[in-house]
Amino acid sequence: MTYKLFIPGPVAVSEKTLRAMTRPMIGHRSNDFVALYRSLQPELQALFGTRDPVFLGTSSAWGVMEGVLRNVVRRKVLCCMNGAFSDKWLDVACRCGLDAAPLQFAWGQPVDPAALRAELAKGGYDAVTLIHNETSCGCMSDLPALAAVLREFQDVLSIVDTVSSFSAIPLQKDALGLDIIIAGSQKALALPPGLTLCTASARTLARAATVAGRGYYFDLLEFQKNHEAGMTPSTPVIPLIYALESKLGDIRAEGLEARYARHARLNRTVRDWGHARGFTLFPKKDYGSVTLNCFANTRGVDLVALNKALKQQHGFVIDGGYGPLKGKTFRISNMGDETDETIAALLNALDAVLVDLGVK
Ligand SMILES: *Cc1c(COP(=O)(O)O)cnc(C)c1O
């Protein structure tokens with residue numbers, strides 16, 4: 001049975017993207033690859049808002065997220081935590097044997113700039129991890145406000161995860177003075193999983209050069225050296241790079257502003273639908289994500305039954321809550337290629353299922 005995903009990653013992949021992946025292989029040291037790699041840089045840099053290189057890592061986002069920690073942390077990393085993915089970053093840092101400390105907020109609360117400043121002012125830190133869009137609870141922190149705080153601490157490198165917001169809202173890495181930004185392929189870019197984009201500032205690379213034990217596969221200096229030759233350190237996932245090329249073409253055709261506006265509009269459509277049916281948003285007011293809505297299950301819906309009926313009768317799948325929020329929240333993605341029509345079809349189906357379950 002085929003069905004369509006409206007979960008916040010992986011999201012549905014278009015036929016056009018899937019077809020792009022079926023092109024014949026090219027050698028990753030060939031001129032054709034170098035031309036392909038270099039052709040992607042300007043548009044990727046525009047999406048990140050940077051003049052720094054954009055490295056292509058073959059792994060899911062966590063590979064690069066872990067790798068950058070091992071590249072830049074010499075003293076101690078502060079992990080801003082407000083949901084499952086950001087909480088995990090502390091765990092990953094500890095597993096790497098690094099000195100790490102939490103800056104913990106309740107799930108659904110944004111990272112507080114004043115609290116970040118107060119903690120960094122204590123000293124001892126040389127890196128911070130931060131998630132822009134905490135997908136597990138649909139909470140989007142105020143990146144410009146946090147970046148302003150980070151700029152006050154010149155010795156502290158910022159490592160920012162935009163895995164589930166990248167390309168859906170404007171991002172200005174250089175203007176914000178951010179050091180490292182990481183994005184995955186299977187969220188707002190609507191590619192299959194397995195490719196990670198990472199951009200790193202010159203001072204990040206300078207720091208990495210002083211850090212021992214960077215390893216090989218995720219060594220940023222290897223990425224930089226190969227980038228200069230239009231290549232990746234090891235054989236990359238070439239089909240996903242074809243898919244990325246195809247997607248950048250889609251983005252060009254739609255226009256960046258139109259793309260950002262579409263995500264904002266579809267997000268609001270879903271939010272209004274939920275509010276009209278008596279559901280409240282789980283994250284703090286004004287900090288709801290623009291790429292998904294995480295609703296509190298305020299009507300006490302049997303979410304397992306809802307998803308089962310939605311899938312069997314309508315061919316759609318939403319998320320019934322992440323980890324400890326299972327059954328207590330549900331998440332609907334508006335990432336990637338969704339349109340007014342596809343979102344309307346989902347919401348109509350959800351209405352029909354809610355009636356069947358006696359909820360509406
Ligand atoms: C999905 C997600 C990740 C994890 O990405 P993987 O591709 O599974 O490694 C990390 N951070 C955020 C914010 C995410 O949404």
Side-chain angles (χ1 to χ4, degrees), residues 5-13 48 55-70 77 79-93 95-96 103 105 107-111 128-143 146 158-169 171 178 180-199 217-218 236-237 240-241 243-244 247 263 267 282-283 287-294 317-325 329-336:
L5 295 179
F6 283 91
I7 62 174
V11 305
V13 178
F48 278 106
F55 305 137
L56 304 182
T58 293
S59 73
S60 83
W62 273 116
V64 177
M65 289 161 73
E66 174 174 328
V68 298
L69 284 176
R70 287 191 270 115
V77 58
C79 299
C80 301
M81 295 158 47
N82 63 338
F85 292 105
S86 47
D87 286 8
K88 178 98 188 151
W89 224 334
L90 177 72
D91 177 39
V92 170
R95 290 184 195 213
C96 289
L103 183 64
F105 303 91
W107 283 29
Q109 297 299 304
V111 176
V128 166
T129 64
L130 181 65
I131 292 191
H132 177 214
N133 189 52
E134 197 16 288
T135 321
S136 62
C137 48
C139 182
M140 194 169 242
S141 289
D142 183 348
L143 193 56
L146 294 164
S158 50
I159 309 170
V160 181
D161 165 333
T162 62
V163 171
S164 62
S165 58
F166 178 73
S167 84
I169 72 165
L171 181 59
L178 298 170
I180 301 172
I181 304 186
I182 300 159
S185 54
Q186 79 276 25
K187 305 278 170 87
L189 281 172
L191 307 179
L195 180 71
T196 299
L197 313 175
C198 175
T199 173
Y217 194 72
F218 293 113
V237 63
L240 282 176
I241 298 177
L244 177 62
K247 178 53 61 188
H263 283 90
N267 185 260
F282 178 79
Y287 292 91
S289 163
V290 300
T291 58
L292 70 142
N293 280 285
C294 180
V317 177
I318 64 166
D319 173 83
Y322 192 104
L325 295 178
T329 63
F330 59 99
R331 299 180 299 164
I332 300 174
S333 163
N334 57 275
M335 296 178 197

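Since we're looking at a predicted model, the values are computed, not measured. Both counts, for ligands and for their atoms, begin at 1 and track the order of listing.
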Q.
For ligand 1, give me the residues whose heavy-atom distance to it is below 4.0 Å, by chain and number please.
A. Ser60, Ala61, Trp62, Met65, Phe85, Ile131, Asn133, Thr135, Asp161, Val163, Ser164, Gln186, Lys187
Q. Are the aromatic ring centres of Phe6 and Phe330 under 6.0 angstrom apart?
A. no
Q: Return yes if some donor-acceptor pair links the side-chain N/O of Asn293 with the main-chain N/O of Gly288 below 3.5 Å, else return no.
A: no
Q: Report the residues that fulfil salt bridge (Lys or Arg N to Asp or Glu O under 4.0 Å) with Asp142, sequence neighbours left out, ordered by chain and then residue number.
A: none
Q) Taking atom OG1 of Thr199 and atom CG of Leu171, what is their separation to the nearest 0.5 Å? A) 9.5 Å
**Q.** Pairing residues for Asp319 by the salt bridge (Lys or Arg N to Asp or Glu O under 4.0 Å) criterion, not counting sequence neighbours
**A.** Arg331
**Q.** Test side chain to side chain donor-acceptor pair (under 3.5 Å) applied to Gln109 - qualifying residues, sequence neighbours left out
**A.** none
